[in-house]
Amino acid sequence: MDVSMLQRTYTDLLTSLFREGILNQQFIELQQLQDENNPGFVNEVVSLFFEDAGRLITELISNFNQQAVDYKKVDAYVHQLKGSSASIGAEKIRSVCQTFREYYDKNDIQGCYNCIQPLKQEFMTFKSKLEALFALEQQIVAAGGSIPMMRH
Amino acid sequence: MRSRVIQQSFSEAPSWVVLKMAAKRDYHSSIGECEGCKRWKFKVVFLCVLVGFMGFLLGWEGSVWGRGRLEREGLWERRAQVMVQEFNLSKTQLQALAVLLSSSEREISERIEGPKTRSLPCLLEELCSEKKQSGSNVNEGAMLDTNNSLKKDSNKVEIVPFSVPSVVSDLKDGQIISYWEEFLKSTKGLLDLITENRSMVLLSVLIVTVLSIRILYHMKMLNLSNEHKNLKQLQSPGYKSGGKRKKLLLLGVLFGLSVSVWIFFSMNENIVRRRRETLENMCDERARMLQDQFNVSMNHVQALAILVSTFHHGKNPSAIDQRTFEEYTARTAFERPLTSGVAYALKVLHSEREQFEKEHGWKIKKMEREDHSPVQDDYDPEKLDPAPVEEEYAPVIFSQDTVSHIVSVDMMSGKDDRDNIIRSRTTGKGALTAPFNLLKYNHLGVVLTFAVYKSELPPNATPQERTDATIGYLGASFDVPSLVEKLLQQLASKQKIIVNVYDTTNSSSYIKMYGPDVTDLDDVYKSGVDFGDPTRKHEMHCRFKDKAALPWSAITASIGVAVIVLLLGHIFYQALNRIEKVEDDYREMRELKGRAEAADVAKSQFLATVSHEIRTPMNGVLGMLQMLMDTELDATQQDFVMTAQESGNTLITLINEVLDQAKIESGRLELEAVPFDVRDLLDNVISLFSDKSQLKGIELAVYVSSQVPDVLVGDPVRFRQIITNLVGNSMKFTEEGHIFVSVHLLEEIKNSCEPSTMFEVPHEVNNKKEISSYDTLSGFQVVDRQRIIDKFKIHDCPKDSGNKVNLFVTVEDTGVGIPEEAQSRIFTPFMQADSSTSRTYGGTGIGLSISKCLVELMGGEIGFVSKSGIGSTFSFTAVFEEGRKISGDVKRYYTEPTPSEFQGMRALVVDGRGIRAEIVKYHLQRLGVHVNVATDPKSALSALLEACSLSGRGSLDMVLVDKEAWSDGSALTFPRPLVEQQRKGMLEHWQKIPKLFLLATSSSEYDDLKSAGYIECIKKPLRLSMMGACLQKALGVVSKRQQQARGDSLALRELLKGKKILVVDDNAINRKVAWGALKKYGAVVTCVDSGKDAIRILRPPHEIDACFMDVQMPEMDGFEATRLIRSAEKEVNELIGRGEMLIETDQHMGYWHVPILAMTADVIQATYEECLRCGMDGYVSKPFEEQQLYSAVAHFLESDPTSDAA
C-alpha cells in the first residue's frame, strides 16, 4: 500500500476516533510527548493502559458477580480506571467511569451495575480501534513514512 | 301614651336599620379591601346592630314604665274618687243629722253640689275646717286621721310611688282601706312582676343573640384559620365549613324567629292577663261601691226606723203623722238615693184590727197579688180587697209620698213581704226580699225591712222576745237598676264594661237584678256583693263591652324582632357568601402563586441546566477553534476562525452571565475569600478592553489610590466581573472621551470634604479657543460623582472591625448617558434603557443586575449618576479584608514585577491634564520610579534641559509625554527643540538626553516618532506589565522574564528544564503520562507509586525541586503524605535553626520547603482549600494543561539562569 494512502487512512481513523468521542485532546498531547528521545511512548502508555484497564474491568466484573459486593473496592477500581483513561484521552471510557461514579455517589447500585456492560463494551471498542491505529502506524513506519501528527 | 312610646322606639328602628344598611353597603363596597379592614367593618356593623337593639330595648322598657305610670295614675284617680265618695258619705251623714237638728240645712246642701269640680286636697281642707266649725264629733277622729294619712300619703306618692302599701296601712277606715291595701298590693306585685320579667326576658334574648353571634363569628374565624392551615399545607379545600356555617346561620335565624314568636305569645298573654285584672279590679270596685252605697242607704233606713220608734211610739201623742212622715222622708230622700220609697207599717194583731181600722178610718187591705206580678197602671189601693182574716197584720200607716199608694195595705199579705217582715223582726236586722217588680214602678227592686221595737231590747234577745217587742216595720224599696245605674255613672269608664247584678240566693237560677241580657258568658268576672242580709246572696257579673283589641304591641314587638333577626341573617348570609368567595379566590390565588413560583424555580433551573449544557459543547467548539488556529491556515481562514472564536467567547460570556443570574436567583452564588492584588486585577480588566478602546480612540485608564492595600482578601473573580461589566457597559456606550476606573478607600472619599481634590469635578482649566475643556481625563465633561456618594448610605465600618477594607470604585465615562426615564430600571434584569438600546448596542441587560447582586453580596452598594449627552458614572462600594503580602498565595493575572529593575529611576511626566499625569505617575510609581510632573511645555522643556545638564544623581531616565498633552496637538513636536539642540551640537557629549516616550491611544508611525525625537510609543491604556515591558525594551534593562513573551510552552520549558521533579501517583498510566509531559519540558522526572515512597524521597536533604502528588491514592492519600512531608521538613528546619544540622546546599538557604502540587482531575473549591490546609502549595489539573501547569509552577520554580545562559 502506498504510504500516503496509509497515512490518509491513519488520519481518517484518528479523526473518526475524535469525532466519535472515543479519543479526546489528551491523546494528541500524549502523541506530542513522543519524540526521537522517547520513541514508542504512546504505544507504551496505551499498551500499559490495555493491560491495566483489562485487569481492572475483569476485577470489577468478578467483584460484581460475587455475593457480597465490596463497593469500596469497586469504586477504587473505577477511580483508577477513570484516571488512566483521562490520562491517555480515552474519552468514552472516562465518561462511562464518570457516570458510574455519579451513580455510586448517589448510592444507586443498579445504576452502577448498568454501567459495567457499557464499560466493557467501550473498552473493547477502544482496544480494537487503538490496536488498529497502532498497526497502521507500524505499517507506515515499515513503509518508511512518518506518522502524521494531528496539530495541537 | 304606651303606643306612642312604642311608636317612638320603632321610629328609632328604621334609623338604625338604615344605618345597618349603610354599613352593609359599606361592607360590600369595601370587599375589595384588605382582610383587616373587613374585620373592622364587621365589628362596626356588629356594634350598630347592638346599639340599635339596645335602643329598641330602652324604648320598650320606657313603654313598660310608661304603662306602669299610667296604671299608677289610674290608681290614684280611682282612689281619689273613692275618697270623694267616702267624704260625700260622711258628709251626708252629717247632713242628715243637721236636717234633724237644725233647719239651716240649705247652706250645706248647696255646698255639697260644689266640690265635684274641686281638687281633692282643697276639698279635704274645706271639709276639715267645716267639721271643726260645726263642732260635730261624729267620726271626727277617724276623719282627721284619714285626712292626715292621706296628706302624708299624697306627699309620699310624689316621691315613692310604690310605697303605697305601707302608707295605706295607716288608713284605718275599714273596708275601703282594706280593699285598697289589697288592690294596691296585688297591682304592685303584678306590675313588678311584669316589668321585671319583661326586661329579664329581653336581656336574656339579647345575651343569647350576642352570644350566638360571637360564637358564630369565632367559629368562622376558627374555620378560616383552619383553612389557612390547610391551604398552607396545600391540602384539599374546606368547602364543608361553608355549609356548616350556613346551617348554623339557618339555626340562628330559626332561633331568632322562634324567639320573636315567643315574645309575641308571652306579651299577648300578659295583655290578656292585664285585661282580666283590669276587669277584676273594676268589677270588685263596683261591687264594693254598690255594697257600700246600699249599706249607707240601709243605715239611713235603720235610722228612720229608730226615728219612727222614737217619735211615733215614744211620744204620746205621736209626733209623727202621715203628713210629717211624708214631709220628712221627702226632705231626707237625698240621704237614700237608692230607695224609691219608705213606708212604715204597724204591727196589728187580729184582735186589734177593728179598733185599728176604726182609728184610721180605713180597712186593712190585702195586696193585690201575692206574687210580684207587674203592677197595672190603673192601680188604685182603694179598690183593693180588704185583707182576709189573719193572725196579725202589717198595715202601712205612713209612707213616703212616692209610695203613698201602699198606705193601708197589709204587708203581711204578700208572701215575700211577710217572710221578710218575720225575718227582720226575729233577727233585728234589715231583711231583703228577692227582687221583684216594684208596685207601680215596674222596676226590679228589693224591699228592705227593719223591725221597730217598742222597748229597749237586750243585746242578746231571743227571736221570740224580739217578735213580741215588735211594734212596727219600716220598709224601704230599693230600685236596684237605678241604684246601679247611678253608681256606674259616678265611675269613669263605665262604657267599657257591662255590669250585671244577680240575686244568687237560689244557686240554680239566678235572678237578674240589673243589666242587659247576657249574650255570651265568656270572660265574665263575678264578685260577691253583701247587702247586709246574710240570708240573701248577691253577685255582680262584669264583662267587657268590646272584644279584646288585637295585641298590637306584641305584634309589633315580635315583628320587629323578626325583622331584626332576618336582617341580621341576611347580613350574615351575605358575609358568609362573601367570605366563601374570598376564600375561594384566596385558594385560587395561592394555587396560582404556587404554580408561578414553581414555574420560576423551573425557569431558573432550566436556565442553569441549559447554560451548563451549552457551556460544555461550546468549550469543545472553542478548543477545536484554538486547534484549528494552530494548523496552517491562510489569512482569510485565520480571520474566519478568529471571528468564530470571538463569537464563541462572547457566547460563553453571555452564558456565564445567564448562569450567574440563575445562580444568584436561586441563592447558590457563594463568594470566595482568596487573597488578590487589586491593581493587578484592574490591569487585567483594562487589558481586556485595550483593543476596543484603541479602536475607538477612547482614553481608558485606571487609578488605584495609594492608600488601598496591595493585597486584599475577597472574591477577585466576582470583583473583576463587576468592574468588567461596568467598563464593558461604558465601552459600549462611549464613542469619544474616556472611561476612567478609580479605586479609593471609602474613608478617603468621606474624609475629603472637598471632592474636587479627587480629580474629576468639572471646572474649566483653560480659556483657550477650545470649546470647553474640563479637567478630566479626556477633557470631556463628566457628571458629578458626589451625587452618588450622597445617595449611598455609607455604612460606617468601625475602625476596630479587624482589617476590613471598604473600597469605593468608580467607573466614569463620557458616553451617551442614561435617559432620565430609564434610570429607575437600570438594575432590573433583562431591562435596558429602551428596546432600541439592545438593537443599537446589543447586550442582554443582565450585566448590571448581576453586578448589583454581586455588590450586595460583597456588602456594598451600587449607584450611578447619569446625564443624557454627558455621560454616566457608576460607583460601588465593596468590603474586603486586608491580606498579608505573601508571594504565592496571591492570585494574579500577571507575574509580579520586580521593582528592582526600575528602582531609583527618575521620570518626568509631561501632560497638560493633571489627572492623566497622575495616572501615569501612578503606574510609574508602581514600578518604583520617582516621578515629576510638568504641565506646560515651557516648564517641561526647561526641566528637561536642566536634567540633561545634570548627570548621575538627579538626572532623568525617562520622559513620558502624552500625545494630547496640550489641546493644540503640540505634544508630538515637543522634543523638537531638544533634538535640534543636539543636532547643532549645542549639547555636550556627556549630556545625555533622557529617553522620550510618547503616550498615545493609537500607534503613530515609527519614523515620525523617531524624527520627533521619541524613542518609543506606549500605547494606552496603560498597564503595569505592558509599561514595564516597553520600558525594559527601550531602556535595555535585562529582565529574567523577557522571554516569557515567547509563549507558555517555551516559558514552561525554561522553568522546568533540568529541574528534578517527583511524581507521585498510584496509577501507572498517569505516572507515565506525567513523566512524559514533564520530561518534554526538560525536567528530570522521578516517579513513585505511593505516598510512603514520596515521604522517603522527600525527607531532607534531597535534591527534588518540586513534587506533583496525586490526591486520591490507596493506603495513603496525597494530603496525608504532604502533611507528613511537611512535618519532616519542619523538624529538619528546626534542627538547622538551632544549628544542629549543617546546611548542605545553598539552594535551599537553610530552609526546607519543597513545593508540592496536588494533581487532581476535578478541581473544586473544597479540594483547593484542602490542598492549602494540608500544606500543599497549589494544584495542577490532571492530565496536565500547559497554561495551568505553567501558572501553577511559575510561582515556585525559578528558571535556572545557568541553563538559560547555556
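In what follows, every heavy atom counts, from backbone to side chain, and hydrogens, waters and symmetry copies are set aside. Values in this document were obtained by computation on a predicted structure and should not be read as measured data. Protein chains get the first letters and strands the later ones, always in sequence-line order, with residue 1 at the start of each.
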Undergrad: Got a sec: does the CD of Glu1120(B) have more than 12 other heavy atoms crowding it under 6.0 Å?
TA: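 Count over threshold, so yes.
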Undergrad: Crowded around Lys120(A) NZ? As in, over 12 foreign heavy atoms under 6.0 Å?
TA: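 Not more than 12 within 6.0 Å, no.
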Undergrad: Can you tell me if CZ on Arg8(A) sees more than 12 non-hydrogen neighbours from other groups inside 6.0 Å?
TA: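 Not more than 12 within 6.0 Å, no.
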Undergrad: Heavy-atom distance under 4.5 Å to chain A: side chain of Asp1066(B), backbone, both or neither?
TA: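 The answer is both parts of Asp1066(B).
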Undergrad: Select one option (side chain, backbone, both, neither) describing which atoms of Ala76(A) are under 4.5 Å from chain B's heavy atoms.
TA: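 Interface part for Ala76(A): neither.
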Undergrad: Quick one: closest heavy-atom pair of Asn1067(B) and Gly83(A), and the distance?
TA: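 The pair with the smallest heavy-atom distance is ND2-C, 3.9 Å.
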Undergrad: Considering only heavy atoms, which portion of Phe41(A) lies under 4.5 Å from any heavy atom of chain B: side chain, backbone, both, or neither?
TA: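 Looking at Phe41(A), just its side chain touches chain B.
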Undergrad: Which answer fits Leu30(A), side chain, backbone, both or neither, if we ask what part of it has an atom under 4.5 Å from a heavy atom of chain B?
TA: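 Side chain only.
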Undergrad: Is the number of heavy atoms from other residues, nucleotides or ligands under 6.0 Å of Phe50(A) CZ greater than 12?
TA: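 Result for CZ/Phe50(A): enclosed.
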Undergrad: Could you measure the distance from the CZ atom of Phe18(A) to the CE atom of Met624(B)? Nearest 0.5 Å is fine.
TA: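 Between Phe18(A) CZ and Met624(B) CE, I get 7.0 Å after rounding to 0.5 Å.
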Undergrad: Just verifying a value: how many Å separate Ile1069(B) CD1 and Ile88(A) CD1, rounded to the nearest 0.5 Å?
TA: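 The distance works out to 7.0 Å.
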Undergrad: With a 4.5 angstrom heavy-atom cut-off, could you sort out which part of Glu44(A) is near chain B: side chain, backbone, both or neither?
TA: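 For Glu44(A), the side chain is the part near chain B, not the backbone.
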Undergrad: Against chain B, label Gln26(A) side chain, backbone, both or neither, depending on which of its atoms sit under 4.5 Å from a heavy atom there.
TA: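 The answer is the side chain of Gln26(A).
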Undergrad: Who among Val42(A), Leu81(A), Leu48(A) has the most heavy-atom pairs with chain B under 4.5 Å?
TA: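 Highest number of pairs under 4.5 Å: Leu48(A).
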Undergrad: Enter the distance from Asn1070(B):CG to Lys82(A):NZ here, rounded to the nearest 0.5 Å.
TA: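 Between Asn1070(B) CG and Lys82(A) NZ, I get 11.0 Å after rounding to 0.5 Å.
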Undergrad: Measure the spacing between CE of Met1113(B) and NE2 of His79(A) and express it to the nearest 0.5 Å.
TA: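 Those atoms lie 9.5 Å apart.
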